S.K.: 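Quick one: this structure, given as structure tokens, is what I'll be asking you about.
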Number of protein chains: 2
Amino acid sequence: MDDASHQHPVHPLPPGRVTLQQIAETLGVSTATVSLALRASPLVAEATREKVQAVARELGYVYNRSAASLRTARTNMIAVGVNDVVNPYFGEILAAIEETLAGSGHTVLLGTYSDDPAKQDRVLETLKEYRPDGMILCPANGAGGDALLRIARAGIPVIQITREIEGIGLDVVASDDVAATRLALDHLFGLGHRRIAVVGGNDTMSTGRNRRLAYRAFLAEKGLAFDPALMVTGLGTRDTGFAGIQALLDLAAPPTAAVCMNDLIAFGVMMGLRQRGREAGRDFSVVGADDVREAAMWAPGLTTVSTHPSEQGRRAGERVLVRTVNPALPPARIILPPTLVVRGSTGPVVP
Amino acid sequence: MDDASHQHPVHPLPPGRVTLQQIAETLGVSTATVSLALRASPLVAEATREKVQAVARELGYVYNRSAASLRTARTNMIAVGVNDVVNPYFGEILAAIEETLAGSGHTVLLGTYSDDPAKQDRVLETLKEYRPDGMILCPANGAGGDALLRIARAGIPVIQITREIEGIGLDVVASDDVAATRLALDHLFGLGHRRIAVVGGNDTMSTGRNRRLAYRAFLAEKGLAFDPALMVTGLGTRDTGFAGIQALLDLAAPPTAAVCMNDLIAFGVMMGLRQRGREAGRDFSVVGADDVREAAMWAPGLTTVSTHPSEQGRRAGERVLVRTVNPALPPARIILPPTLVVRGSTGPVVP
DNA sequence: CTGAAAGCGCTAACAT
DNA sequence: ATGTTAGCGCTTTCAG
């Protein structure tokens, strides 16, 4: 009787894939042994382990993580959701996360949503179906907490990064927005600036809200009047900075300095200044935020408040792994202290 | 008799996850019906479909892709392997790939390997185990074709992007290196430059090799002597450019212009020039390659040969999906024509 | 239009 | 130290 012709009554899937089973049959051992041997378990004899691994290599065996995941309910994937990977800030965060996770055998599943809450919800829903062991997310501008909470309730650890939906009780890794704002404003104040604009941000995300509140608190503290015309709302793009500085310079009483929500905005401001025949650091002072690599490369170099993006990524990676092991941990807010980096784009006020 | 206490003799996995089975039981239908209903199959009655979807939502059901993948041998994941996501060139490629794939229901699984062939091999081996439906890879500098071929032989479509291991018969999406080099050199030659350096690249990857050959061919064609001192070897980083231009300016007969392997190198060259009190476009001409977003933002703007990174990403994404559907397609080389973008960093030769 | 049954490839009890 | 067995959650024949 020809066994081979009978053992697979239907075979709709592409044949030829090597499985544990086949290794087991080739060697006349059980699949359990092969499974253990491939994972170098001490339960299996040295000699068998070597034989199994040799045959596996010979047959071109490739471990099937889908199958293992179904059994173990772990995927070794961590989903990362950010707005935009071209933005160097998110690029640095993503790179740091990827590097941290790779070190402990985890792989990044990536989703992006361009600061669009509806798209964010769709993307996160999909990522969830892959059953990642955890997720690291930067909430889209204006997004509510529902999507994140649904994920957490499905048993997947969620780490918020950079921005936070307040009060939903999920881990956060971010930079201290209030401290960052104060660092920038203190620096400019010390240089003699009194009319200081804030460019970018809005009140629909935590960073914008916190920093704008800190700005108003600072003004109040120094006895300076708040002028709404000095607060330019906008997303964190070069365009926001470029357009923003034009409007500010057209004011009857223009500012002498600007604090920007991020470095990209600051680059836009510096370009806009140059177009108006002015030079950052000489005629006008500009402070950025984040300290992306590019900030040091500009001429003049950009004075900025570093929010340590790589460090944020690393910490978020570490945190998600911790939560993977111990899901019951109480929520943590890991708020990194920002640092002022003084370069050439700021200088004493000119009358 | 209490059924609930007997139906699961062992239950080592965390309980409480909602499955198809549970939806089926709640409604008194079969899992097959639920499965079809959730995917909106026309085989199932409108009314049942609605009931099923309502219950699914109510119970907080989350589709388990690991389970589906095990059954269907498709994961809807595409693995992307690049050297470094902080590099804006790869950032743009990655973003374009992600966007293209998301449009057709595929998710990106990310791996990076910092131009290290050994790390590349490890990363690719891991990515392979997730059984992505396809892979888009930029080979590490100096890597051989074995790793890529092993993946292809395991039945996973492989698309090489930007760089290529020649002669292994796998799809490629890239820019025309020879044309790019000619575009840059013709531009400089037309401006009167005769001593033109080439900064960055090496002979262990296709782009470097091709462009350096094209450089020598151009010199020969124009009857210019080849001076090895004008060919600076190095990776595609700002540092390579910064150090490279210093060495070039120290030469007894320094060049009057430089063609760089990519924009990052060109930025480094421009910084190095500035440090020596020279200005790109006035005292020395610099041409980059790739046209990353940042190139337009410099002052002066960088003249560069665009290799259309977003377009490469988009095409690679489309190609991998095509191959997913039809794996037997003959290998294609999709070579995009580069474009010269003239900005301020080049000018007539100064004596 | 719906149900029954088998099985994707792996791991974890448990038994030997 | 190794084998037996069951089952993770889904999709797909095939029957009705």
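Computed from a predicted structure; not experimentally measured.
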S.K.: Quick check for you: among C/dC10, D/dC10, D/dT2, whose closest atom lies nearest to any side-chain atom of A/T48?
M.R.: D/dT2
S.K.: Using side-chain heavy atoms (C-beta onward) and a distance below 4.5 Å, is B/Y130 in contact with A/T107?
M.R.: yes
S.K.: Just how far, in rounded Å, is P of C/dG7 from CG of A/L20?
M.R.: 18 Å
S.K.: Whole-Å distance between D/dT13 P and B/L43 CG?
M.R.: 12 Å
S.K.: Tell me which residues in residues 60-68 of chain A put a heavy atom below 4.0 Å from DNA chain C, sorted by number, or none.
M.R.: A/Y61, A/Y63, A/N64, A/A67, A/A68
S.K.: So does B/R122 pair up with B/E125, basic N to acidic O under 4.0 Å?
M.R.: no
S.K.: To the nearest Å, give me how far apart CD (A/Q21) and P (D/dG3) are.
M.R.: 12 Å
S.K.: Do A/Y63 and A/L38 make a side-chain contact, defined as non-hydrogen atoms from C-beta onward lying under 4.5 Å apart?
M.R.: no
S.K.: Does anything in residues 28-42 of chain B reach DNA chain C, meaning a heavy atom under 4.0 Å, and if so which residues?
M.R.: B/G28, B/V29, B/S30, B/A32, B/T33
S.K.: Are side-chain heavy atoms of B/M135 and B/V320 found at a separation under 4.5 Å?
M.R.: no
S.K.: Check whether any side-chain heavy atom of A/E98 sits under 4.5 Å from a side-chain heavy atom of A/L101, and report yes or no.
M.R.: no
S.K.: Does a donor on one side chain sit under 3.5 Å from an acceptor on the other, for B/S310 and B/R314?
M.R.: no
S.K.: Out of B/R323, B/R333, B/Q160, which one pairs with B/D171 under the side-chain hydrogen bond (donor to acceptor under 3.5 Å, both in side chains) rule?
M.R.: B/R323
S.K.: Which heavy atom of B/A140 sits nearest to which heavy atom of B/Q120, and what is that distance?
M.R.: N-OE1, 2.7 Å
S.K.: Could you tell me the separation between the CZ atom of B/R71 and the P atom of D/dC10, rounded to a whole number of Å?
M.R.: 13 Å
S.K.: How many whole angstroms separate atom CD of A/E129 from atom P of D/dT11?
M.R.: 10 Å
S.K.: Expressed as a whole number of angstroms, how long is the span from B/K51:NZ to C/dC1:P?
M.R.: 14 Å
S.K.: Whole Å only: how far is the CD1 atom of A/I23 from the P atom of C/dG9?
M.R.: 12 Å
S.K.: Would you kindly give the CZ-to-P distance between B/R131 and C/dC8, to the nearest whole Å?
M.R.: 14 Å
S.K.: With distance as the sole criterion, is a donor-acceptor pair present between the side chains of A/Q312 and A/T162 under 3.5 Å?
M.R.: yes
